[in-house]
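Have a look at the structure below, then the notes.
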Amino acid sequence: MAKALEVSEARLRLIMKNSHDGIMLANEQGQILLVNPAACRIFGRDEAELLTTQHANLIDETDPVFSASSIRSCKPDMLNVS
C-alpha cells in the first residue's frame, strides 16, 4: 500500500510539473493547497503567493466562462487514481 501511494504521488507531481494547463487544488473553504507552474504563469504570481490566496479572488464571477457550474468540485475520496 505504501509503495502504491508513493507511485501515485510521483505521478501527480509529474503531471503537475509538466502540464501546460494551469492546475490548482483547493479545499472546500476555497484555500488553495496546490498549484503547478502553469497556474503561476497564468495568474502572474509565484507559488507562495497563490497558496495564500482564496480561489474566489482569482476568478471574475461575472464572466460567464467562469460560472459556478464550470468550477468542478470533488471530494477527497474522488482523487484516488489507479
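Closest approach of I32 to M24, counting heavy atoms only: CD1-SD, 3.8 Å. Of all heavy-atom pairs spanning F43 and L50, the tightest one is CB-CD2, 4.2 Å. Between Q54 and Q29, the shortest heavy-atom contact is OE1-O, 2.9 Å. Of all heavy-atom pairs spanning L51 and L34, the tightest one is CD2-N, 3.8 Å.
Listed by first and then second residue, the side-chain hydrogen bond (donor to acceptor under 3.5 Å, both in side chains) pairs involving residues 31-49 are N27-Q31 (not counting sequence neighbours).
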Can you list, pair by pair, the side-chain donor-acceptor contacts under 3.5 Å of residues 13-23, counting residues two or more places apart and other chains?
unit_1	atom_1	unit_2	atom_2	d
N18	ND2	L14	O	3.0
S19	OG	D21	N	3.0
S19	OG	D21	O	3.2

